[in-house]
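Only a predicted model underlies this, so the values are computations on that prediction, with no experimental measurement involved.
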Protein chains: 2
Amino acid sequence: MARTKDPAVRALLLERAAHMLRTRAPVTLRTLVAGTGVSTMAVYTYFGGMDGLWRALRQEGFSRLTARLAAVDTTADAVRDLAALGAAYLVNAVEGPDLYRIMFDAGFDLEDPGAADETLHTLVRTVERATADGRFATGTDPLELATQSWAVGHGLASLVTSGPLPPAALGHGVPMLTALFTAAGDEPDRCRDSVAQGWAGLRAAAP
Amino acid sequence: MARTKDPAVRALLLERAAHMLRTRAPVTLRTLVAGTGVSTMAVYTYFGGMDGLWRALRQEGFSRLTARLAAVDTTADAVRDLAALGAAYLVNAVEGPDLYRIMFDAGFDLEDPGAADETLHTLVRTVERATADGRFATGTDPLELATQSWAVGHGLASLVTSGPLPPAALGHGVPMLTALFTAAGDEPDRCRDSVAQGWAGLRAAAP
DNA sequence: GCACTATACATAACACTGCTATGTATAGTG
DNA sequence: CACTATACATAGCAGTGTTATGTATAGTGC
């Protein structure tokens, strides 16, 4: 019926935008398309405008985060895995601070609102596994504990990437998660070990 | 030697900017001065440009936060006070979400970098008091626990004001702080009581 | 008291932003 | 193969923050 869109162009613009964000170059309509050969109109045909580009970029951020969390391997120790997920979350944030910042900007409107839920769901499932293994009290609400773990991760990631806290502050994740999991019923010493192990698998989370 | 600046103009612009932020009106150079009688140049003489205005606005955000925390009354129960400070922090964030968001934007460059430290120091002093009262273990690092409490507060505040979590999620602050303080050595039941009491003084924190 | 000067402030133009109206070439379809 | 809907380029628009220029005025040395 007519010319069809080239998905490669969309991917190129998205990749270039992410790169410019990483190198702290100002991402504007004209600077984005400069050098790519495509015209400014491409942004409108593929994203419907700059707002659409930012939305797609937020989506991209969640996709990368999801991939990061999926790369964390599952072991017999669910509490360890939970800590490993937390560490992976922080690594993702500090490696792409600008992309991470954008993910939580502008009223949080995404192309696919389920993307954030999926991230949270990974945590929920791991909490359920830990509870099934008898690590947490039987009455534990998985969504509640997962949300609290997320808040801890986001709090640290945000304060570090924003500037007020130095990168070393990410280490607070260990005692904080340990406190959270212990309060949920895990045996203190064992919990400390599990969290420490999961935290050590911090490098393994990088693809 | 020459004409002197009128501090009232500066305060007026700052107040108006904060109001426009609160009412979600776009804050731009021209919309800011529109109707005030002053010209666009005023922004440059008083703030050196829009960047300076944003910096001053961030400063204003920290000032209001500091005032909020100072309004929290000190009781004999330091752990209760610590929870009350956390609640006040959250109230401040949800009552002025846009101002709060700005506080942690743009690389965190403030006019007075000590403003954030002062906020944190309020928490540090309260932790020290709780430790002196025998609530926390003697080896407790006040700055460490204060920072962790801040991370909890900021994590919740940020996720709620950004959208992913509903306002009701602020209630997670109770179990989270309880877990943190219990891990620091406080007796679980007593801690729960203290935190609940501090959290109840949530309305009292409003000036 | 007064000329002098440095400063606050207004006006207008500048380069830039995202966006849209218009025109053109082309890929898919009957 | 003609036709049409669509991708895309070009150019102009209103808006942004910033800066150059001019003017009036508040403070200071005499």
side-chain contact (heavy atoms from CB on, under 4.5 Å) with R64(B): which residues, sequence neighbours excluded?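 side-chain contact (heavy atoms from CB on, under 4.5 Å) check on R64(B) returns E15(B), A18(B), R22(B), E60(B), N92(B), L99(B).
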
Side chains of [X] and [Y], donor plus acceptor under 3.5 Å:
X: T74(B); Y: D81(B); result: no
X: H154(A); Y: S158(B); result: yes
X: S194(A); Y: R135(A); result: yes

What residues form a salt bridge (charged side-chain N to carboxylate O under 4.0 Å, His left out) with E128(A), not counting sequence neighbours?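 Result, salt bridge (charged side-chain N to carboxylate O under 4.0 Å, His left out) vs E128(A): none returned.
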
Which whole-number value in Å describes the distance from [X] [atom1] to [N] [atom2]?
X: Y46(B); N: dA10(C); atom1: OH; atom2: C1'; answer: 14 Å
X: F47(B); N: dC9(C); atom1: CZ; atom2: P; answer: 12 Å
X: L53(B); N: dG17(D); atom1: CG; atom2: C1'; answer: 12 Å
X: M20(B); N: dT16(D); atom1: CE; atom2: C1'; answer: 14 Å
X: M41(B); N: dG17(D); atom1: CE; atom2: C1'; answer: 12 Å
X: L13(B); N: dA8(C); atom1: CG; atom2: P; answer: 14 Å

Per-pair distances, 0.1 Å, donor-acceptor, side chain in residues 47-54 of chain A, under 3.5 Å, sequence neighbours excluded:
none

Contact class for V43(A) vs. all strands (heavy atom < 4.0 Å): base, sugar-phosphate, or nothing?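 Nothing, no nucleic acid heavy atom in range.
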
Could you note down all residue pairs passing salt bridge (charged side-chain N to carboxylate O under 4.0 Å, His left out) where residues 23-34 of chain A supplies at least one of them, sequence neighbours left out?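 Applying salt bridge (charged side-chain N to carboxylate O under 4.0 Å, His left out) to every pair that reaches into residues 23-34 of chain A, excluding sequence neighbours, yields R24(A)-D98(A).
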
For S162(A) and L159(A), indicate whether the former's side chain and the latter's backbone hold a donor-acceptor pair under 3.5 Å.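 Checking the backbone N and O of L159(A) against the side chain of S162(A), no donor-acceptor pair under 3.5 Å is found.
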
Report yes if some heavy atom in the side chain of V38(B) is under 4.5 Å from a heavy atom in the side chain of V43(B); otherwise report no.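 Result no, sub-4.5 Å side-chain heavy-atom pair not found.
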
Taking the nucleotide of DNA chain D with the closest heavy atom to each, which residue, T40(B) or G37(A), is nearer the 5' end?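 Counting from the 5' end, the first nearest nucleotide belongs to G37(A).
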
Identify the stems formed by DNA chain C, where each pair is Watson-Crick or G-U wobble with both distances under 3.5 angstrom and a stem is at least 3 consecutive pairs.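 So the stems come out as C:1-30 with D:1-30.
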
Grab the N/O contacts between the protein and nucleotides 13-17 of chain C below 3.5 Å, and write none if there aren't any.
| residue | atom | partner | partner atom | Å |
| --- | --- | --- | --- | --- |
| dT17(C) | OP1 | T28(A) | OG1 | 3.2 |

Given dG17(D), dA9(D), dA10(C), identify the nucleotide with an atom nearest to the side chain of Y44(B).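 Of dG17(D), dA9(D), dA10(C), dG17(D) is nearest to the side chain of Y44(B).
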
